[in-house]
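Below: one structure, written as structure tokens.
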Amino acid sequence: MKDVKGSKILKFRLNGKEKEFIIDPDQKLIDLLRDEGYTGTKRGCMEGRCGACTVVVDGKAVYSCLLYAFQVYGRDVWTIEGVGSFDSPHPIQKALVDAGAVQCGYCTPGIVMSARAMLEQNPSPQEGEIVKMMDGNLCRCTGYEKIFKALLLVSGQKGNG
Amino acid sequence: MRFKDFIIVKSAEEAVSVSMELGKEGFIMAGGTSTTYIADNSEKIAIDITRAGLSGIEKKDGGFRIGATTKIDEIARFNMDGWVLSEPAWRLATQQIRNISTIGGNISRVFWWSDFPVVLLALDAKIEIKDSCASGGKTEMNALDFFFTQPVKILKPGKIITSIWVPAVGGDCGFGYAKKTKTSPGFTICTTASMITLKEGEFEEVKVAIGGVFPFPRRLIELEKVLKGKKCNRNEVEGVVKNVVSTLKCAGREGMSSEYSAHLLSVTITDSIFMAVERAGDGKNERC
């Protein structure tokens, strides 16, 4: 990183591409991402509880509201913008829509990112593991059943109902 | 607290050197999740130690040496005979937090909700500190001494935690962990950890640590003394625990009264002791 007028230049891979940003040392990752136009990552609680801000860093789901931007120097960061597209949705996105697991949609980007990280680590999680690995994503709308059903479907398993 | 600059160090030696140079302006940081809870208006320079080669778990000296920047997720997933830290790790917060937080960070600045200080106290763990002023460049503290006061008072500039050693638990030893929360990933209301050794149906050795209901985690030495040599009988243990807890001043959390917290503490202590009893001598101390 280099000093530019008191700020720092930060380099890391974002959604598969090498990027360079000018940052303030005190800047949180979520603020950097949203300021740079990656607004799919949502501001929720801003204290590491709700999961709306979840992104994936080096394959692990993390709260971008807790991470400082400088912490991802040289790392591999994925946001919801890097997952599927409107014309070609990711299987997780398709499963959530097909299962009726999207209502207001505010928690959904965070849920997709957590689920993606989970399934990349273990493509066939059991229901208990899904519940455990998704415990950092809150949803006020759906009651979670359809979300779990969608994730079980995408992992090739059937749920209990 | 506000960061005005940051330095990413590549080794423990560099971390210590930079910390000495920056003095109170430096802030050793791994995951950094606790910075949200630091009520401090000062400006600091972050010393990021996540790339200093301080992570990883290895079997060593009859136990396990855990690098200070080992993520809680890695601790949860580790699996080897005698390893008992998976259960406390899986119960810590959410997956996103477990992916960022480190064991060193969880113990270097202790909050009333901190889980691993309770675990390490019960296990009689040892904390290795790289110390530029110590002979040999490092010191080792047992958990009882380390958590006697807020660790940040020990970890002055030029000192960083490099690793934590915990014993492998097996044979006639058992470890139990009980944590009560309002929601599954919530902050603790009450945390207890117990390590016991049984001999012919009696408690040969007992270590019980508690947290959550006090501002600071602690060992219950007074309980340990009473239980040592006693028969391993649940009814009797419940009575002893209740008597000891009645002498303590428990904080009410999450809208609960202090009286209820005390009751919850009694129940949780007994539960953790008997989890340890069940696991002693029957090979149940592997990963939960």
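Letters A, B, ... are given to chains in the order of the sequence lines, protein chains preceding strands, and every chain is numbered from 1.
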Task: Leading residue by heavy atom contact count with chain A [cutoff under 4.5 Å; candidates B/E43, B/M1, B/Q95] - done: B/Q95
Once you round to the nearest 0.5 Å, how far does [atom1] of [X] lie from [atom2] of [Y]?
X	Y	atom1	atom2	result
A/Y73	B/T50	OH	OG1	12.0 Å
A/L66	B/I100	CG	CD1	5.5 Å
B/T94	A/M133	OG1	CE	10.5 Å

Do you know which two heavy atoms are closest between [X] and [Y], and how far apart they sit?
X	Y	value
A/R49	B/F187	NH2-CE1, 2.9 Å
B/R51	A/V72	NH2-C, 4.4 Å
B/R98	A/K132	NH2-O, 3.6 Å
A/D24	B/F3	OD1-O, 4.4 Å
B/P185	A/D135	CG-O, 3.9 Å

Open item on the list: Counting C-beta onward and ignoring hydrogens, is there a side-chain heavy-atom pair between A/Y68 and B/T35 closer than 4.5 Å?
Closed with: yes
Task: 4.5 Å side-chain heavy-atom contact, B/Q96 and A/N137 - done: yes
- [ ] Would you check if the side chain of A/Q71 reaches a backbone N or O of B/G31 as a donor-acceptor pair within less than 3.5 Å?
- [x] yes
Open item on the list: Any carboxylate oxygen within less than 4.0 angstrom of a Lys/Arg side-chain nitrogen, looking at B/K4 and A/D26?
Closed with: no
TODO: Anything in residues 17-30 of chain B with a heavy-atom distance to chain A below 4.5 Å? Please list those residues in order.
DONE: B/M29, B/A30
Open item on the list: Below 30° counts as parallel, above 60° as perpendicular, anything between as tilted: where do the rings of B/F6 and A/F70 land?
Closed with: parallel
TODO: Show your reasoning for whether side-chain hydrogen bond (donor to acceptor under 3.5 Å, both in side chains) applies to B/T33 and A/Y63.
DONE: CA-CA 10 Å; B/T33 51; A/Y63 293 135; over 6 Å; no
- [ ] For atom NZ of A/K146, decide whether the heavy atoms of other residues, nucleotides or ligands shown that lie under 6.0 angstrom number more than 12.
- [x] no
